[in-house]
Amino acid sequence: MNDCNWKMLVENVSDNLHALPTHRSASAPAREIADGIGNEGEMPAVLHMLTPFGSPLSFFEEIGQTICGNGHSFTGGELSIHSAYPENEEYNKAMLAAHGEERFQQILSVERHNTVIYPSLSLKCNLQTIRVFRPVSVDRTILETWTFRLRGAPEEMLKRSLLYNQTVFSPASVAGHDDNEAFCRMQQGLKNNGLDWVSLHRHMGVETRNEDGTISAPGTSDIAYRHEYEAWMSYMKDEVE
């Protein structure tokens, strides 16, 4: 249960700017331990999961964001914080056998960080994870995290997904509580009458319209938030196509 409005959780999924400072208490110790090990091949999987949160802002800028209409969006595409995970050779062999070399390379070239199916779903496809946002009231939201199994994939793929969800999203995680605390404080801050508006202008006007009709922007842009509120206004006016 999160003591905040549900829109904050959806915004958080698209926020590449927050990871470095917000999750430093998880990424910095993980980086220190990883440096002590030295050999990445010997690093526990949990370190591969936590150290990327400490990547420089230039990395999160490079990830990029894309809006797709009606509030839907995704971060990443060719790069994400999961890009450097060790490959599972058993999984690769199964994919090659099922799809052939060309389709195999095409599938694995997609590196989406998070995908938002507005207004209530978030997909982390690299880790077979679905998050569901369930509003309870104007200032309370239930966040559910589900792990799904890939048919025919090695058992290790499922174990990796479960480990990630336990480490990053669960109530006992070493990262999720950072976000939950931020949600609560933002909800409290919005009750303050000091400011009439919350600025969502970062990288406004720095967008690229793609051939498929989507629009892309740098990774730390506020474009996804602006898009979500445009969609929400349309829903409230019953203008969604």
Side-chain angles (χ1 to χ4, degrees), residues 2 4-20 22-23 52-53 59-83 110-136 138 140-148 161 164-165 168-170 173 175-176 178-180 182-183 186-187 198-204 206-210 212-236 239-241:
N2 296 269
C4 67
N5 186 271
W6 64 271
K7 300 181 195 69
M8 293 183 184
L9 279 74
V10 184
E11 290 176 20
N12 178 258
V13 174
S14 305
D15 181 19
N16 290 321
L17 194 58
H18 85 281
L20 175 59
T22 304
H23 299 304
F53 285 112
F59 172 83
F60 289 105
E61 197 82 289
E62 186 180 355
I63 284 177
Q65 293 201 46
T66 301
I67 59 173
C68 309
N70 293 332
H72 312 314
S73 66
F74 63 86
T75 54
E78 298 179 357
L79 181 68
S80 81
I81 64 171
H82 314 299
S83 296
V110 178
E111 284 284 353
R112 291 189 181 181
H113 179 57
N114 283 307
T115 299
V116 172
I117 309 300
Y118 193 79
S120 58
L121 291 178
S122 169
L123 310 178
K124 191 174 279 291
C125 299
N126 304 60
L127 291 155
Q128 301 85 59
T129 296
I130 301 175
R131 285 186 284 173
V132 183
F133 313 112
R134 299 191 184 277
V136 176
V138 70
R140 300 195 80 189
T141 306
I142 294 175
L143 175 57
E144 298 177 354
T145 302
W146 298 79
T147 299
F148 60 93
S161 300
Y164 187 89
N165 288 338
V168 177
F169 293 142
S170 77
S173 75
D178 298 329
D179 294 322
N180 294 337
F183 300 151
M186 287 190 295
Q187 185 71 41
V198 175
S199 172
L200 299 177
H201 291 83
R202 185 174 174 83
H203 287 324
M204 179 175 271
V206 187
E207 297 100 14
T208 301
R209 184 171 293 275
N210 305 311
D212 60 2
T214 61
I215 300 175
S216 297
T220 65
S221 171
D222 289 342
I223 188 173
Y225 318 146
R226 296 192 290 267
H227 185 52
E228 289 165 7
Y229 281 105
E230 288 170 355
W232 182 246
M233 182 164 38
S234 297
Y235 285 133
M236 293 297 96
E239 295 178 353
V240 178
E241 298 180 359

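The distance from the CZ atom of Arg226 to the CZ atom of Arg202 is 10.5 Å, given to the nearest 0.5 Å. Between the CG atom of Leu200 and the OH atom of Tyr225 there is a distance of 8.0 Å, given to the nearest 0.5 Å. Of the inter-residue distances, the one linking Leu121 atom CG with Trp146 atom CH2 reads 12.0 Å to the nearest 0.5 angstrom. Note that NE2 of His113 and NZ of Lys124 are 4.5 Å apart. Values are rounded to the nearest 0.5 Å. Rounding to the nearest 0.5 Å gives a distance of 8.5 Å between CD1 of Ile223 and CD of Glu230. Note that CD of Glu207 and OG of Ser221 are 6.0 Å apart. Values are rounded to the nearest 0.5 Å.
Between Val13 and Ser122, the closest heavy-atom pair is CG1-OG, 3.3 Å. When all heavy atoms of Ile67 and Ala224 are compared, the pair lying nearest together is CG2-CA, 4.0 Å. Cys68 and Ser73 get closest at one heavy-atom pair: SG-CA, 4.2 Å. Residues Val10 and Pro119 approach most closely at CG2-O, 3.5 Å, considering heavy atoms.
A donor-acceptor contact shorter than 3.5 Å is absent between the side chain of Ser120 and the backbone of Phe133. In this structure a side-chain-to-backbone donor-acceptor pair under 3.5 Å is missing from Asn126 to His82. Under a 3.5 Å cut-off, the side chain of Thr141 and the backbone N or O of Cys4 do form a donor-acceptor pair. In terms of modelled atom types and a separation under 3.5 Å, the side chain of Glu111 and the main chain of Gly76 share no donor-acceptor contact. Proximity of a side-chain donor or acceptor of Thr75 to a complementary backbone N or O of Asn114 within less than 3.5 Å is detected.
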Could you go through Val132 and Leu143, starting from their C-alpha distance and side-chain angles, then the distance that decides it, and tell me whether this counts as side chain to side chain contact (heavy atoms under 4.5 Å, CB included)? CA-CA 6 Å; Val132 183; Leu143 175 57; over 6 Å; no
Are Gln128 and Tyr164 close enough, and set up right, to give a side chain to side chain donor-acceptor pair (under 3.5 Å), and what steps lead you there? CA-CA 10 Å; Gln128 301 85 59; Tyr164 187 89; over 6 Å; no
Between Ile81 and Phe53, does a side chain to side chain contact (heavy atoms under 4.5 Å, CB included) hold up when you go through it step by step? CA-CA 7 Å; Ile81 64 171; Phe53 285 112; 3.8 Å; yes
Is there a side chain to side chain donor-acceptor pair (under 3.5 Å) between Thr145 and Asn165? Walk through the geometry before answering. CA-CA 8 Å; Thr145 302; Asn165 288 338; 5.7 Å; no
Are Tyr235 and Asn70 close enough, and set up right, to give a side chain to side chain donor-acceptor pair (under 3.5 Å), and what steps lead you there? CA-CA 9 Å; Tyr235 285 133; Asn70 293 332; 5.6 Å; no
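Using a 3.5 Å distance cut-off with no hydrogens or angles, the side chains of Ser199 and His201 do pair a donor with an acceptor.
Of the options Glu61, Gln65, His18, a side chain to side chain donor-acceptor pair (under 3.5 Å) to Thr220 is made by Glu61 and by none of the others. Shown are Asn210, Ile215, Thr115; of these, the side-chain contact (heavy atoms from CB on, under 4.5 Å) with Thr66 is made only by Asn210.
Inter-residue side-chain proximity for Glu11 and Tyr229 is flagged as met; some heavy-atom pair is nearer than 4.5 Å. Side-chain contact between Thr129 and Phe169 is present, with heavy atoms from C-beta onward closer than 4.5 Å.
Taking 4.0 Å as the cut-off between side-chain N and carboxylate O, Glu228 and Lys7 do not count as a salt-bridged pair.
Checked against the 6.0 Å centroid criterion, the rings of His227 and Tyr118 do not qualify as a close aromatic pair.
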